[in-house]
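Predicted model only: the values in this text are computed from it and were never measured. Each chain gets a letter, A, B and so on, in the order its sequence line appears, and its residues count up from 1.
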There are 2 protein chains.
Amino acid sequence: MAPVPFLLLIEDDDAIRTALELSLSRQGHRVATAASGEDGLLLLKEQRPDLIVLDVMLPGIDGFEVCRRIRRTDQLPIILLTARSDDIDVVVGLESGADDYVVKPVQGRVLDARIRAVLRRGERESTDSATYGSLVIDRAAMTVTKNGLDLQLTPTELRLLLELSRRPGQALSRQQLLRLVWEHDYLGDSRLVDACVQRLRAKVEDVPSSPTLIRTVRGVGYRLDVPA
Amino acid sequence: MAPVPFLLLIEDDDAIRTALELSLSRQGHRVATAASGEDGLLLLKEQRPDLIVLDVMLPGIDGFEVCRRIRRTDQLPIILLTARSDDIDVVVGLESGADDYVVKPVQGRVLDARIRAVLRRGERESTDSATYGSLVIDRAAMTVTKNGLDLQLTPTELRLLLELSRRPGQALSRQQLLRLVWEHDYLGDSRLVDACVQRLRAKVEDVPSSPTLIRTVRGVGYRLDVPA
DNA sequence: GCCCCTGTGACACGTCTGTGACAGTCGGCG
DNA sequence: CGCCGACTGTCACAGACGTGTCACAGGGGC
């Protein structure tokens, strides 16, 4: 990655956009800006930024939709800006594929801290393998090994594990996992996620009945734990 | 790592303003200044500082009022400057939404220390974890640890703690907590909140019988205290 | 000292999760 | 073209766990 992070800021409000651009420049970033989702998507193709800061409330196609479109072709990190401190937005945001979200009004240095955190995480991820205890996930080869032995994961199991390992230590709700792994909304809940988690545990955990890697977060969902 | 903090100093006395500006610049801050509340509010919109240092005694709209107006739309940190060491001012100031409070005459390096303290606090809060004494709340992982040991909180206990920690130092009534945590209104009162608080204390407090974190506010409800 | 408020333990109910079985779907291969 | 196997989604169920209620005791405030 370039020594100076290159950001694309998509925000329609002139005052906020200019202010954030100024602030982020002062924090040592290179910044490109766009005032609409359409412009943002175009600029994205031209300029290849390292990270996108994206307002949710945009005229025309909204931030969530922009997020989804970007995700269809690109994996670069996205930080959502949302006006409401509403948790619902947070959930929808992460489900649409964002890496982080920040509630407006936002201080420049807070945004900067989040940006750096996401970029750091990205660097870790871009390495081709991740290790969790005796488990090694090779993203390039798309293989998972336990104690050096190759695990035969099915496509869905693998996607589930990859999504969990994209955010190690972070609890993900069943809804979030459904969107991330299965890419569809459920209105009611189903045992689908549970069933897949169970199958994954059977292959991944040393003692599937008392899992140490894929932990249940009661009332929420699941979380991939990093062993100390 | 520290990017240069950008401050807005609102102070009508020319001598003090110039002196503080000079001093703060020497401490490594970037400083914008305004000589009145009106100018300050305008500059705020344009420049988006990281923090505001605000004199209480201003011609026209006074500091408290400026503070309240800022708070209506913004959450950025505010440090109040006052000439009087009067305690009443402290109370009014903190009630109007200030984050800290410094009595004039103030040395530049003292103000600098306060500024850095407030900014640090802001950065901590902006991350997904919060610390109260030996207690660490990780909002992303949905875990709570005490002295590094993982506490097994139940979903409701966790929600209760999260809601309290969203407003540290603020007393919340049982009604408010019922709405926030249980999401339903009760007409009569019940011991429900008390019971949950008790269970939470049993896990969170060092000495549950004399709680230091989750304090009872008689006749009102409960409050999460930040240890000094 | 009195009364109201709060802390506390027990208990029964309800919700959530893990689990095994089963059926539908899809792709590969003969 | 059809069979077969693997994979996946659904369902039902049992058990664990968490939760709300109640009664009562203790204590602080007026």
inquiry  = What does the B/S/- profile of nucleotides 3-8 of chain C look like, 5' to 3', with a 4.0 Å heavy-atom cutoff to protein?
reply    = --BBBB
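No side-chain N or O of Asp225(B) forms a donor-acceptor pair with one of Tyr132(B) less than 3.5 Å apart.
In this structure, the side chain of Asp50(A) engages the main chain of Phe6(A) through a donor-acceptor pair within 3.5 Å.
Residue Thr156(A) places no side-chain N or O under 4.0 Å from the OP1 or OP2 atom of dC7(D). Within the structure, a side-chain polar atom (N or O) of Trp182(A) is placed less than 4.0 Å from OP1 or OP2 of dG9(D).
Atom-to-atom, CG of Leu178(B) to P of dT19(D) comes out at 14 Å; the value is rounded to the nearest Å. The CG atom of Leu151(B) sits 13 Å away from the P atom of dG18(D) (whole-angstrom rounding). What separates CG of Leu192(B) from P of dG18(D) is a distance of 16 Å, to the nearest Å. Across the protein-nucleic acid pair, Gln152(A) atom CD and dG5(D) atom P stand 18 Å apart, rounded to whole Å. As rounded to whole Å, 11 Å separates atom P of dG9(D) from atom CG of Leu160(A). As a whole-Å value, the separation of Leu158(B) CG from dC17(D) P is 18 Å. Taking atom CD on Glu157(B) and atom C1' on dC17(D), their separation rounds to 12 Å, with Å as the unit.
Arg201(A) has no carboxylate O lying under 4.0 Å from a charged side-chain N of Asp194(A), or vice versa, which leaves the two without a salt bridge. The residues Arg69(B) and Glu65(B) are annotated as salt-bridged, a charged nitrogen and a carboxylate oxygen being separated by less than 4.0 angstrom. Note on Lys203(A) versus Glu157(A): salt bridge recorded, some NZ/NE/NH1/NH2 to OD/OE distance being below 4.0 Å. Ion pairing of Asp13(A) with Arg17(A) is absent here, as no side-chain N (NZ or NE/NH1/NH2) approaches a carboxylate O to less than 4.0 Å.
Between the side chain of Arg199(A) and the base of dG20(C), no donor-acceptor pair under 3.5 Å is found.
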